[in-house]
Amino acid sequence: MRERLYLDHAATTPMRPAAIAAVEAGMRAWANPSSPHAEGRAARAKLEQARAAIAAAYGWRGETILTSGASESVAIALSRSGAERRLISAVEHDAVIRAGADAGVLPVDAQGLLDLDAVTALLEGPRAIVAVQWCNSETGVRQPIAAIAELTHAAGGLLLVDAAQMPAGADGAVAEHADFIAISGHKRGGPIGIGALLVRDLATLAPTGGQERGYRAGTENMPAALGFAAALAEREEVARLVPLRARLDDAIARSGGEVVAAAAPRHPAIGSYRMPGLAAATQLIRFDMAGIAVSAGSACSSGSMKPSHVLGAMGWSVEASREVVRVSFGRDTSAADVERFITEWRTVARSARAFAA
């Protein structure tokens with residue numbers, strides 16, 4: 001039986017061996033980091049070492065609040081920043097939309113890029129926190145963080161960047177300009193259940209008591225923090241993915257498919273593709289039967305197979321958006337993996353055209 005091919009790394013990526021070993025070591029040395037005895041102090045020391053390593057990996061010099069993941073980090077920033085208003089882009093992850101249910105919506109263009117004139121207009125008024133993603137988890141489209149930060153700060157606002165999909169060290173502009181950054185362990189080869197909210201100035205965030213210097217309650221997850229730090233210590237070579245994604249884009253376009261946001265700056269690990277005439281749900285089944293794992297939309301919404309709000313905001317019709325699947329690469333994705341997917345995509349597409357005829 002042919003080995004399965006995993007191309008859904010934007011949903012989650014396998015834990016790195018070093019991360020697994022670090023979690024195990026943390027569990028063997030486990031004690032409550034808030035306890036005053038020797039065991040607790042030893043656990044606290046390991047936790048703080050992991051915290052410092054996570055911050056350093058992202059080039060962050062502010063505060064680091066350890067959380068259960070990017071979703072919680074986003075919710076903390078949006079609910080406790082002290083800003084009077086919340087503004088989020090129309091293409092944000094479902095977790096951001098839920099956390100900012102009453103937020104104003106910032107429109108995007110047909111390529112999924114934020115309309116900066118609209119940002120300027122909507123920032124007029126009481127102080128706002130603006131939530132944007134480093135790159136879209138469905139399309140890979142990267143937002144102009146520096147430009148958005150300049151507009152936000154000129155209006156006296158705060159900028160929250162969802163950087164769950166951003167490899168450590170991939171974009172210095174985020175650490176330079178963001179007021180809050182949400183990151184996730186399991187997206188980077190670390191364990192599930194750990195993330196962080198990077199905070200430039202704790203004075204912009206209301207405390208609630210408990211652990212994490214009073215900004216998050218609950219016993220600190222020292223083993224998971226060690227795993228996250230260990231995963232980040234292994235640099236992700238994003239540049240090597242550029243020709244792989246370019247090859248995939250070209251092959252699908254030449255084979256009758258459509259590349260989503262082809263003209264936009266995109267993270268090379270993520271691409272979305274339309275196969276005209278065949279529903280994404282059917283495509284997923286066909287690819288899965290061929291031993292290939294891909295997805296439709298973000299992992300949080302693909303199970304329902306509801307129309308993508310991201311594609312809708314970009315002007316796609318419901319019918320067309322239901323024919324789009326996402327392919328996302330990981331650290332070990334190879335050129336041979338891409339060729340295997342291209343071959344299968346063409347097979348499925350030919351079958352769909354033959355059936356339509």
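Reckoned from all heavy atoms, side chains included, excluding hydrogens, waters and symmetry mates.
The local environment of CD in E150 is sparse, with at most 12 non-hydrogen atoms from other residues, nucleotides or ligands closer than 6.0 Å. In this structure, R61 places its CZ atom where only 12 or fewer heavy-atom neighbours from other residues, nucleotides or ligands lie under 6.0 Å away.
For the side-chain contact (heavy atoms from CB on, under 4.5 Å) with Q143, the qualifying choice from V161, N136, D162, I148 is I148, the only one to do so. Checked options H309, R98, Q133; the residue passing with E92 is Q133 (criterion: side-chain contact (heavy atoms from CB on, under 4.5 Å)).
By the 30° and 60° cut-offs, the orientation of the rings of F341 relative to F287 is tilted.
Side-chain atoms of R322 never come within 3.5 Å of backbone atoms of A281 as a donor-acceptor pair (strictly under, hydrogens ignored). In this structure a side-chain-to-backbone donor-acceptor pair under 3.5 Å is present from S73 to A196. A donor-acceptor pair under 3.5 Å links the side-chain atoms of Q283 to the main chain of L278, judged by distance alone. Remark: side-chain polar atoms of R200 are paired, donor with acceptor, to backbone N or O of A175 under 3.5 angstrom.
A salt bridge does not link R326 with E138: every distance from a Lys NZ or Arg NE/NH1/NH2 to an Asp or Glu carboxylate oxygen is 4.0 Å or more. No salt bridge links R340 with E344; every basic N to acidic carboxylate O contact stays at or beyond 4.0 Å. Between R85 and D102 no salt bridge is recorded (no basic side-chain N to carboxylate O distance below 4.0 Å).
Taken from CG in D337 to CG in D332, the straight-line distance is 9.0 Å, to the nearest 0.5 Å. Between D8 atom CG and F329 atom CZ the span is 12.5 Å, to the nearest 0.5 Å. One finds the CZ atom of R51 at 8.0 Å from the CD1 atom of I54 (value rounded to the nearest 0.5 Å).
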Residues T219, Q211; criterion side chain to side chain donor-acceptor pair (under 3.5 Å); working and verdict: CA-CA 7 Å; T219 301; Q211 288 76 12; 5.1 Å; no
